[in-house]
Structure formats: C-alpha cells, structure tokens
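Below is one structure, written out as structure tokens; the observations come after it.
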Amino acid sequence: QNGRVIGVMVVATQRKGRKYTVEEQEILLAFAEHASLALTDAQRISAVEHMAFHDTLTGLPNRAYFMERLNQALGRARKDPSACLAVLFIDIDHFKIVNDSLGHAAGDTLLGVIGRRLVESIRTDDVAARLGGDEFAVLLEDVNRGNSIDDVVTRLLSNVNVPAEIDDHSIPVAASVGIAMSDGSHDAAELLRNADLAMFSAKTHGRHRAVAYEPSMHSHALARLHLEEELRQAVAADQFEVHYQMIVSLDTGEPCGVEALVRW
C-alpha cells in the first residue's frame, strides 16, 4: 500500500518439489493484489466508522456510540431483573472561564485531560463518552445499588477534581455529577435525561458534588418550563404592571425612598 508492506500472503503445498508455473504465479499475484485492495478498503471503512462514533478531540466515544451502548445494556437488563445499570452525567464546573481567560486551545487540552481521567476512573467494560462541549457521560453496567455506584462516583470525582497543569497554568478542575439508575421502565433517552436533571440539581446545590435522580426533579423541570412559557406569553400580552411603594423612615415619618414592584 503506497510502497509499504501491510501484510504477507503465504502459499504452501504438501507436494515436494512443487514449482509454480508462470501462469500460476500471475494468478497468485493477482489474488494478492485483490487481497491488498480488500484490506485497504477494510481499513478505510474502519477509520470512517471510528470517526462516526468517536469524538475527535478527546478520542472518547461520542453521543451516538454512547446511546447505542446504553440501548444494548438496557436490553440485557430487561432480561435479568436483578441486573442494575447506572448512567452518570458529568459537567465541568466553570469551564467557560478557562475558554474566556486562556483560550479555546487550553480548553480543548483540558477536555482531553478530563477524558483520560474519566477512563482511568472506571472499569474496562464501562463506557465513558463525551456528549459535547464540557459534558460527559459514563455507563456503568452490572453494578450493585448503593455502595458500588458510590465507590465509582467517589473515585471519579477524586480523579477529576485535581488541578490540571496547562501552559504554565495550574487550572482548578471540579465537576458536577448526576446519577440515574435504571429500574427497567426507562428507555435510553429518558435515563440520560434523568441523569442530566440530577446533574442540574448538583449545580444548583453548590456544584462540585454528585446527586442521584429523584422523580420530583422531572416535575420541577416541567413546572419551570411551563412557567417560562407563561411569562413569555404575559410579556407579549402586556400583563405586567409596575406599582410604586413609598419607603418611610420610622424615625422621622418622612419619605426616604421608593421601591418598584412588578405585578402580574
């Protein structure tokens, strides 16, 4: 291939003194060339498939590959009621500050460091993937509820939350993690969404921590979405009014200010 040896085809016979005619040698040479072309095509197909299912920046599997593996894992879990799997949704805290202060090249380098740390934190049969931006996910199969997952999360946070040395800068790293366990009733998209909601809860409760999904998180998210939609409609319908309320000094009884109240 391009003047480079990529394989060897061995032709053997059990007949002593066997010699190949010129015609046979030409046939064998043609066969070898076809085999070389087939191998080259296979290499190209493998490279294309790898690019389709892996993140070019970190080398980790991408969202498409992760969802495929998650669907397969859920299918196996449904056949075994005792099986337990979990999805971890990981978001890097204050990652935008790195891009804004040191540039996107430093941010990309940091994402690569975090990807390697995630792989080092899990078993070889588990899957760590980059979903996009500074969001990662981990699929844990065949885990026990409670301690086993807690051990993985503790190890993961311990490995990830270590300063990274990049371009003569010691960059503090911290992550928020959402945990969602399968009970056999969720599909892959729902399970990943649940882990995402749990991660959002970890963010709102101070970051740099792991939070397990609870059903109330979904109802709160729906309520928040409904409220935002109502607010947009209220603005369009001019339903907000400003009311002014006097602020009076208790010492003198004189007005000393005004506060504005927006009422719906």
Side-chain angles (χ1 to χ4, degrees), residues 46 49-93 95 109-164 173-199 201-202 207-214:
S46 178
E49 289 179 343
H50 186 274
M51 291 175 61
F53 289 102
H54 286 77
D55 173 52
T56 55
L57 180 61
T58 63
L60 294 178
N62 59 17
R63 179 185 289 269
Y65 182 90
F66 183 83
M67 296 304 290
E68 182 176 330
R69 284 291 302 269
L70 181 54
N71 273 310
Q72 294 172 355
L74 287 171
R76 290 190 291 269
R78 291 188 187 99
K79 299 176 182 178
D80 182 5
S82 64
C84 177
L85 64 86
V87 170
L88 310 181
F89 198 109
I90 301 137
D91 186 270
I92 308 306
D93 298 333
F95 178 77
T109 300
L110 179 58
L111 291 175
V113 170
I114 292 169
R116 290 191 292 274
R117 290 178 179 180
L118 290 177
V119 172
E120 293 169 357
S121 303
I122 60 177
R123 303 167 301 181
T124 55
D125 292 338
D126 297 325
V127 179
R130 182 187 177 213
L131 303 181
D134 62 332
E135 294 179 340
F136 297 83
V138 170
L139 169 61
L140 304 175
E141 287 195 75
D142 299 325
V143 291
N144 297 321
R145 296 179 183 273
N147 292 338
S148 180
I149 296 177
D150 290 343
D151 290 343
V152 174
V153 172
T154 299
R155 183 169 62 251
L156 185 149
L157 286 175
S158 177
N159 289 345
V160 170
N161 296 342
V162 175
V173 182
S176 297
V177 180
I179 307 168
M181 289 177 287
S182 172
D183 61 3
S185 63
H186 302 107
D187 61 24
E190 289 174 326
L191 196 59
L192 186 62
R193 180 207 64 196
N194 292 347
D196 189 4
L197 288 171
M199 183 277 297
S201 179
R207 306 174 185 265
H208 186 39
R209 66 189 64 205
V211 172
Y213 171 78
E214 296 179 1

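The closest side-chain heavy-atom distance from Asp125 to Asp142 is not below 4.5 Å. Using a 4.5 Å heavy-atom cutoff, the side chains of Ile92 and Phe136 are in contact.
To the nearest 0.5 Å, the span separating CG on Asp196 from CG on Leu191 amounts to 11.5 Å. Distance CG/Leu156 to CD1/Ile149: 12.5 Å, rounded to 0.5 Å. In this structure, the separation between CD1 on Ile122 and CD on Glu141 is 11.0 Å, given to the nearest 0.5 Å. With rounding to the nearest 0.5 angstrom, the CG atom of Leu74 is 9.0 Å from the CE atom of Met67. Rounding to the nearest 0.5 Å places OG of Ser176 at 8.5 Å from CG of Leu157. How far CD1 of Ile179 is from CG of Asn194: 12.5 Å, rounded to the nearest 0.5 Å.
When each of Val160, Leu118, Ile114 is paired with Ile90, the side chain to side chain contact (heavy atoms under 4.5 Å, CB included) condition holds for Leu118 and for no other. Of the candidates Thr56, Thr58, Asp55, Asp55 is the only one forming a side chain to side chain donor-acceptor pair (under 3.5 Å) with Arg130.
With hydrogens and angles ignored, the 3.5 Å screen pairs a side-chain donor or acceptor of Thr154 with a backbone N or O of Asp150.
Scanning both residues, Ala202 and Val177, for their nearest heavy atoms gives CB-O, 3.9 Å. Scanning all heavy atoms of the two residues, the minimum distance from Ala212 to Ala198 falls at C-CB, 4.0 Å. Heavy-atom minimum distance, Ala188 versus Asn71: CB-OD1, 3.4 Å. Considering all non-hydrogen atoms of both residues, Val153 and Ala210 come closest at CG1-CB, 3.5 Å.
In this view, Asp134 satisfies the side chain to side chain donor-acceptor pair (under 3.5 Å) rule with no residue, not counting sequence neighbours. With sequence neighbours excluded, the residues that form a side chain to side chain donor-acceptor pair (under 3.5 Å) with Asn161 are His208. Taking Glu68 as the reference, Phe53, Gln72 meet the side chain to side chain contact (heavy atoms under 4.5 Å, CB included) condition, with sequence neighbours excluded. Residues passing the ring-ring contact (aromatic ring centres under 6.0 Å, His included) test with Phe95, sequence neighbours excluded: none. Residues that satisfy the salt bridge (charged side-chain N to carboxylate O under 4.0 Å, His left out) test with Arg78, not counting sequence neighbours, are absent from this structure. Residues forming a side chain to side chain contact (heavy atoms under 4.5 Å, CB included) with Asp187 (at least two apart in sequence, or on another chain): Ala189, Glu190. The salt bridge (charged side-chain N to carboxylate O under 4.0 Å, His left out) test applied to Asp91 returns Lys203, not counting sequence neighbours. Evaluation of the side chain to side chain contact (heavy atoms under 4.5 Å, CB included) rule for Val113 yields Arg116, Arg117, Ala164 as partners, not counting sequence neighbours. Scanning for salt bridge (charged side-chain N to carboxylate O under 4.0 Å, His left out) contacts around Asp126 gives Arg123, with sequence neighbours left out. Legend: residues meeting side chain to side chain donor-acceptor pair (under 3.5 Å) with Ser121, ordered by chain and number and at least two apart, are Asn159. Every residue two or more places apart in sequence or in another chain that forms a side chain to side chain contact (heavy atoms under 4.5 Å, CB included) with Ala77 is listed here: Ala83, Leu85.
Residue pairs meeting the ring pair (Phe, Tyr, Trp, His ring centres under 6.0 Å) criterion with at least one partner in residues 64-84, sequence neighbours excluded, are His54-Tyr65.
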